[in-house]
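Just below is one structure, and these are the notes that go with it.
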Amino acid sequence: FYQVTTANPIVIGTTSIGFAIHDPNITYARTAAEIAASVTPADFSIEPYHVTRYGAVGDGVADDTAAIQRAISAARAAGGRKSIQLGDGKTYLITSSLVLASDSLAAVDIVGAAPEWFGGSERSVIKGNFDGPLFNASGTVSTYSPGPVISNVVLENLNTGTSACLLRADYSGGVRLSSVVGKAAN
């Protein structure tokens with residue numbers, strides 16, 4: 001905790017300040033992008049674009065599909081490149097495909113916990129058991145907005161159906177994967 005006073009000012013470049021990821025004393029207003037996407041956060045004490053703000057539990061039991069899709073919708077409505085944040089060591093159960101759509105004005109990335117070797121804790125997991133892709137990514141790309149990036153996550157779909165997979169992408173620029181572990185029955 002750092003208390004700023006006239007005797008204890010913040011000096012740019014010399015003062016180290018730590019920020020809590022979740023401080024219940026801080027609230028974040030509903031963003032213009034959330035309003036435009038008709039998304040109402042479940043928890044205003046969580047920063048925008050973190051899946052917990054939109055109601056994701058991450059216990060591997062509760063269905064987090066709608067909460068993660070709300071986070072994606074809010075980020076997309078904001079324009080530019082935005083990252084959806086997943087919690088460290090959390091397992092998010094989804095029961096249908098998450099839609100990642102990009103165009104020349106917006107791209108949404110999915111970012112899990114930093115790997116252990118990079119100072120993070122346990123990886124974030126997105127798991128499903130349904131006959132379809134965990135992510136259905138489509139849209140157009142441009143120099144400004146190449147396709148989405150999925151990073152630092154474990155993707156798991158253990159359904160044995162003919163359409164079960166981890167990712168279906170319809171992009172000329174593709175979807176970039178970074179530090180992703182995949183587990184699939186097929």
Side-chain angles (χ1 to χ4, degrees), residues 18-31 33-34 37 39-78 81-102 107-137 147-159 164-169 175-185:
F19 292 95
I21 291 176
H22 180 241
D23 183 342
N25 298 313
I26 297 174
T27 58
Y28 298 90
R30 189 170 178 209
T31 67
E34 290 167 340
V39 171
T40 301
D43 187 345
F44 285 93
S45 69
I46 306 291
E47 66 185 89
Y49 316 124
H50 192 292
V51 295
T52 306
R53 178 176 173 91
Y54 306 97
V57 178
D59 64 359
V61 178
D63 183 357
D64 292 318
T65 310
I68 296 171
Q69 194 63 60
R70 282 191 295 273
I72 292 168
S73 296
R76 181 164 165 59
R81 180 169 289 281
K82 298 289 185 270
S83 295
I84 302 303
Q85 301 295 319
L86 304 173
D88 290 1
K90 298 282 188 175
T91 297
Y92 299 96
L93 174 67
I94 61 171
T95 55
S96 62
S97 297
L98 296 169
V99 178
L100 283 178
S102 293
V108 177
D109 301 333
I110 305 294
V111 181
E116 295 84 4
W117 50 265
F118 198 68
S121 61
E122 298 179 51
R123 285 188 188 252
S124 305
V125 177
I126 297 178
K127 76 172 188 173
N129 189 359
F130 56 90
D131 192 16
L134 296 183
F135 287 98
N136 194 358
V149 175
I150 300 173
S151 62
N152 302 329
V153 296
V154 175
L155 301 178
E156 184 177 306
N157 190 350
L158 301 180
N159 189 284
C165 61
L166 302 176
L167 173 67
R168 179 177 296 131
V175 175
R176 293 178 288 160
L177 303 176
S178 174
S179 296
V180 172
V181 175
K183 296 179 182 179

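Position 1 is the first residue of the sequence; numbering continues from there.
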Self-check item: Side chain Y49, main chain Q85, donor-acceptor under 3.5 Å
Solution: no

Quiz item: Can you tell me if R30 uses its side chain to pair, donor with acceptor, with the backbone of V39 under 3.5 Å?
Solution: yes

Self-check item: Closest heavy-atom pair and its distance - S97, N136
Solution: CB-CB, 4.3 Å

Exercise. Any chance you could lay out the side-chain contact (heavy atoms from CB on, under 4.5 Å) test for I150 and L100, step after step, and finish with the verdict?
Key: CA-CA 10 Å; I150 300 173; L100 283 178; 4.2 Å; yes

Self-check item: Atom pair CZ/CG of F130 and L93 - distance to nearest 0.5 Å
Solution: 9.0 Å

Practice problem: Starting at CG of N152, measure out to CD1 of I110 and round the result to the nearest 0.5 Å. | Solution: 12.0 Å

Quiz item: Is there a donor-acceptor contact under 3.5 Å from the side chain of S73 to the main chain of A37?
Solution: no

Self-check item: N/O donor-acceptor pair under 3.5 Å between D109 side chain and S83 backbone
Solution: no

Quiz item: With distance as the sole test, does D64 use its side chain to make a donor-acceptor pair with the main-chain N or O of V57 at under 3.5 Å?
Solution: yes

Quiz item: Checking Y54 side chain against A66 main chain: does a donor-acceptor pair fall under 3.5 Å?
Solution: no

Quiz item: What are the two closest non-hydrogen atoms of I46 and H50, and how far apart are they?
Solution: CG2-CB, 3.6 Å

Practice problem: Kindly determine whether L155 and L167 satisfy side-chain contact (heavy atoms from CB on, under 4.5 Å), including the steps that lead there. | Solution: CA-CA 9 Å; L155 301 178; L167 173 67; 5.5 Å; no

Practice problem: Carefully, step by step, assess L98 and T65 under the rule side-chain contact (heavy atoms from CB on, under 4.5 Å). | Solution: CA-CA 7 Å; L98 296 169; T65 310; 4.1 Å; yes

Quiz prompt | Atom of N129, atom of L158 and distance for their closest heavy-atom approach | solution = OD1-C, 3.6 Å

Quiz item: Does any N or O in the side chain of S124 come within less than 3.5 Å of the main-chain N or O of A113, such that one atom is a donor and the other an acceptor?
Solution: yes

Quiz item: What are the two closest heavy atoms between A56 and A67, and how far apart are they?
Solution: N-CB, 3.2 Å

Self-check item: Side chain E47, main chain Y28, donor-acceptor under 3.5 Å
Solution: no

Exercise. Kindly indicate whether the side chain of I84, heavy atoms from C-beta on, has any atom under 4.5 Å from the side chain of V108.
Key: yes

Quiz item: Would you find a donor on one side and an acceptor on the other, under 3.5 Å apart, between the side chain of N157 and the backbone of P133?
Solution: no

Self-check item: Non-hydrogen atoms of V153 and R123 that approach each other most closely
Solution: N-NH1, 4.1 Å

Quiz prompt | Any side-chain heavy-atom pair of F135 and V175 under 4.5 Å | solution = no

Quiz item: Is there side-chain contact between I94 and Q69, with at least one heavy-atom pair below 4.5 Å?
Solution: no

Practice problem: Over all heavy atoms of both residues, which pair between A164 and N159 is shortest? Give the atoms and the distance, please. | Solution: CB-O, 3.4 Å

Exercise. Could you tell me whether K82 atom NZ has more than 12 heavy atoms of other residues or ligands within 6.0 Å of it?
Key: yes

